[in-house]
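Written below as structure tokens is the structure these notes are about.
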Amino acid sequence: MTETRGFGAVFFPLGVLATFSIIVIAPLAAACWPEEGSLWNALPTLIGSGSTWKLMGSSLIIATGASLGATLLGAPAGHALRYVSPRVRGILLAGLFIPMAAPAHVMAVAWIELVGHGGLLASWIEIPFYNRAGVIFVLSCVYFPIPLFATLAASRRIPPALEEAARLHTGWIRAFLGVTVPLAATSTLAGGICVLLLTLLSFSIPSLFQVPVYTSEIYERFSATHDAAGAAAAGLCLLAFVSLIATIAVRRLRRHMGQLQHTPACMEPRQASRGAICLASTYCLALWAFTTMLPLLAVAVRALPPAACVAAWRTARGEIMCSLAVSVSVATGGIVLAFLLARIRGGMLPLLSAAAFCVSGPVLGVGLIRFWNHDGLRGMVYDGLAILVVAGMARHLVFPHLGLSIASSQLPACLEEAAAVHGVSKWRRTLCVVLPLLAPTLVLWWSLLFMLAWGELDASVLVAPPGWTPVSVRLFSLMHYGPSSMVAALSLVSTLFALGGAGGGFLAYRLLRRQVYG
Amino acid sequence: MGDSLLAVEVEGLAKSFGPKRILHEVRFSVPAGKLMAITGPSGSGKTTLLRAVAGLEPIDAGHIHIGGRSVSRPGFRVPPEKRGIAMTFQEGALWPHMTAEKHLRFVLRAHRLSVPETETRIRHVLEVVDLADRGTARPHELSGGEQQRLGIARALCVDAPLLLMDEPFAHLDEARTVRILTEIKERVCAGRSTVLLATHNETLLDADLVSRMGNACGNES
């Protein structure tokens with residue numbers, strides 16, 4: 001469609017695309033094409049090697065186990081939360097979100113401090129953690145909020161009349177199992193598959209537990225033997241595998257997703273017996289205590305006396321400040337870029353953002369090194385804090401990119417059209433109509449991106465320049481010498497910062513949402 | 001804009017959404033300073049026609065001229081903000097983060113009016129639509145009828161040469177409808193505006209021209 005277009009309308013998308021290319025596409029391309037021909041030589045060797053399949057099998061076993069574990073823990077809580085009063089629900093949701101808000105490696109440290117060798121409960125119960133079962137257990141406890149939120153979102157869309165119609169003929173257990181659970185099952189399954197994909201790409205927890213998986217092999221290939229081509233080939237195989245699972249899942253699940261699409265978002269069940277409410281609250285509280293409070297309490301006890309925390313703060317102040325600067329920059333830069341990308345609506349761009357995440361952190365790290373480690377301007381970026389910002393943005397941009405694209409597409413088109421027909425220019429429409437309406441979503445994604453950037457380890461561990469070490473990398477290095485009060489104190493401080501960012505962002509979201517939508 | 005000049009001219013307009021043909025061979029012309037009612041049953045394409053004239057929908061065939069200037073033809077479309085129009089939307093399209101006064105101020109600022117004139121117009125238009133005491137209310141604080149009147153106020157405040165109105169009186173009582181219609185007709189009689197008004201009910205309108213759209217996607221004038 002030819003329109004009378006101004007200078008800005010033509011060059012603005014080009015500028016956004018150029019920025020996206022430098023941050024996401026260039027390192028991705030550099031990772032996937034390390035040297036002419038070398039990737040294609042490495043690929044057959046990799047596929048022909050027995051250890052590749054063994055490691056992929058190990059990753060798949062861990063991912064399947066963690067996905068099942070997280071779904072079994074999270075889905076009942078998702079259903080249970082529907083029957084809890086809205087005020088208590090908000091508090092419980094915030095509490096149950098903590099395992100995901102805290103950096104994954106910190107939760108691993110917390111579990112080791114609780115039931116690992118020399119842990120708080122080691123004299124009563126010592127679990128041999130350094131194996132696949134240990135990794136599956138910790139990953140399940142970290143990622144169960146995903147199926148929980150997916151189930152809760154779906155179950156709140158079920159019209160109460162559907163359950164009531166079933167209650168006319170049967171008891172509440174059969175009504176729940178026959179109507180509520182099947183209607184929410186697709187969403188629960190989607191949450192479980194998300195966990196499967198995330199754990200397949202997980203590097204830090206298996207690495208801390210010294211369990212060889214596919215992603216740790218990629219990291220080893222580059223850090224130990226500088227085999228960039230081998231790492232890239234392994235990364236491409238992982239990307240292909242993850243894409244295959246995601247494509248099959250989307251195609252299979254899409255068919256069933258429509259059944260609750262046209263119902264309002266929030267439907268409270270009309271009546272729940274006191275017993276049901278009590279059971280639901282007890283389960284959620286028990287889950288919160290077990291997966292969140294117990295391990296974090298172990299870290300807090302290990303970090304005692306308070307002087308140890310002060311000492312940890314003094315020792316690692318530089319790392320904490322570095323993480324803070326990087327996280328704020330990643331969150332701010334990422335949100336601006338994601339918003340602009342959502343405005344220009346490039347069809348393939350979200351897929352490229354997803355590819356940068358799915359190729360795994362270590363491979364993206366290799367790509368960042370290959371693209372930025374040169375003389376001149378690129379060298380200046382590579383030698384400073386900026387490379388950590390670029391790494392965080394490249395790795396996690398997919399989440400705000402997809403989130404804001406969806407939020408943007410769900411804004412009623414007539415709101416912008418109403419401004420257009422009254423002579424308001426595109427710039428003012430974006431600034432005065434779209435931006436304020438998306439402000440709550442932007443703040444929410446800012447805090448989530450801050451949280452992800454704070455815990456970012458997989459790519460940062462390869463690119464962190466001398467003198468600029470984030471807390472996550474420092475903790476990862478310290479953990480190789482085993483648990484200590486310093487590790488516990490740093491973990492505690494790190495968790496507090498991550499929760500502070502996430503909590504502050506969520507409160508700002510609630511406030512803005514009330515202001516904008518009343 | 002003189003009376004002899006056509007304010008809107010639509011020739012051979014066609015529009016489909018996928019396989020569904022919404023408009024086919026639509027043709028009409030409206031002289032400047034006239035009120036034309038577009039009537040027809042639900043689904044006959046009234047809203048799509050107004051959206052095409054506003055530049056919110058690309059067209060498949062034909063052409064649209066506004067004030068003698070070609071603004072839409074297949075493969076070419078002048079953006080809505082450059083057509084010199086104002087419009088009321090069937091669904092309201094009110095901005096949830098703005099108060100009633102801010103709605104009008106935001107639109108008037110785009111037309112580069114001075115601050116005193118902006119404030120005068122806001123007061124006048126809010127009085128016309130009977131919302132003078134609701135200026136600081138936001139859309140969710142207004143009733144359905146008040147929301148509809150705010151949408152009308154937003155369209156009236158800019159004094160656009162072409163005013164497009166999509167079912168503007170659906171939720172209004174007769175007294176208010178008559179009062180707003182009087183204001184609109186005064187503008188039309190003074191030659192300040194040309195109005196295209198889509199409605200189910202033409203009895204109240206006393207329009208200069210009536211275009212009836214049938215289910216067969218065509219029209220008769």
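Here is how names work: the chains are called A, B, and so on, in the same order as the sequence lines, proteins then strands, and each is numbered from 1.
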Could you tell me how the ring of B:His65 sits relative to the ring of B:His63: parallel (under 30°), tilted (30 to 60°) or perpendicular (over 60°)?
-> perpendicular
Run the side-chain contact (heavy atoms from CB on, under 4.5 Å) check on B:Ile66 and B:Leu162 step by step: do they pass?
-> CA-CA 8 Å; B:Ile66 294 179; B:Leu162 178 61; 3.9 Å; yes
Which atoms form the tightest heavy-atom contact between A:Leu449 and A:Pro400, and what is the distance?
-> CD2-CG, 3.8 Å
Ring centroid separation for A:Phe12 and A:Trp427, is it under 6.0 angstrom?
-> yes
B:Lys46 side-chain N/O to B:Gly40 backbone N/O, donor-acceptor pair under 3.5 Å = yes
In terms of side-chain geometry, is the basic nitrogen of B:Arg187 or B:Asp159 positioned less than 4.0 Å from the acidic oxygen of its partner?
-> yes
Worked check of side-chain contact (heavy atoms from CB on, under 4.5 Å) between B:Phe89 and B:Leu50 = CA-CA 10 Å; B:Phe89 288 73; B:Leu50 287 188; over 6 Å; no
Got a sec: does the CZ of A:Arg510 have more than 12 other heavy atoms crowding it under 6.0 Å?
-> no
A:Phe506 and A:Ser447: which non-hydrogen atoms are nearest, and at how many Å?
-> N-OG, 4.2 Å
Report yes or no: does B:Lys15 contribute a side-chain atom to a donor-acceptor pair with the main-chain N or O of B:Pro58 at less than 3.5 Å?
-> yes
Dump the intermediate steps for salt bridge (Lys or Arg N to Asp or Glu O under 4.0 Å) on B:Glu183 and B:Lys185, then the final yes or no.
-> CA-CA 5 Å; B:Glu183 168 76 16; B:Lys185 281 183 178 165; over 6 Å; no
CA sep, side-chain torsions, deciding dist, call: A:Gln515, A:Arg513, side-chain contact (heavy atoms from CB on, under 4.5 Å) | CA-CA 5 Å; A:Gln515 261 187 2; A:Arg513 199 173 158 74; over 6 Å; no
Look only at the side chain of B:Asp208 and the backbone of B:Met36, and say whether a donor-acceptor pair between them is shorter than 3.5 Å.
-> no
A:His422 side chain vs B:Ile85 backbone, donor-acceptor pair below 3.5 Å | no
Can you pull out the residues in residues 402-418 of chain A with any heavy atom less than 4.5 Å from chain B?
-> A:Cys414, A:Leu415, A:Glu417, A:Ala418
Counting a contact as any heavy-atom pair under 4.5 Å apart, which residues of residues 434-443 of chain A contact chain B?
-> A:Pro436, A:Leu437
Would you say A:Arg89's side chain and A:Arg82's backbone share a donor-acceptor pair under 3.5 angstrom?
-> yes
Between B:Ala86 and chain A, which part of the residue has a heavy atom less than 4.5 Å away: side chain, backbone, both or neither?
-> both
Interface residues of residues 115-151 of chain B facing chain A - heavy atom cut-off under 4.5 Å | B:Arg138, B:His140
In plain terms, say whether B:Arg83 and B:Glu81 are close enough for a salt bridge, that is, a side-chain N and a carboxylate O under 4.0 Å apart.
-> no
Keeping the roles fixed (side chain from A:Ser155, backbone from A:Leu152), state whether a donor-acceptor pair exists under 3.5 Å.
-> yes
Residues of residues 93-112 of chain B within contact distance of chain A, non-hydrogen under 4.5 Å | B:Ala93, B:Leu94, B:Trp95, B:Pro96, B:His97, B:Met98, B:Phe106, B:Val107, B:Arg109, B:Ala110, B:His111
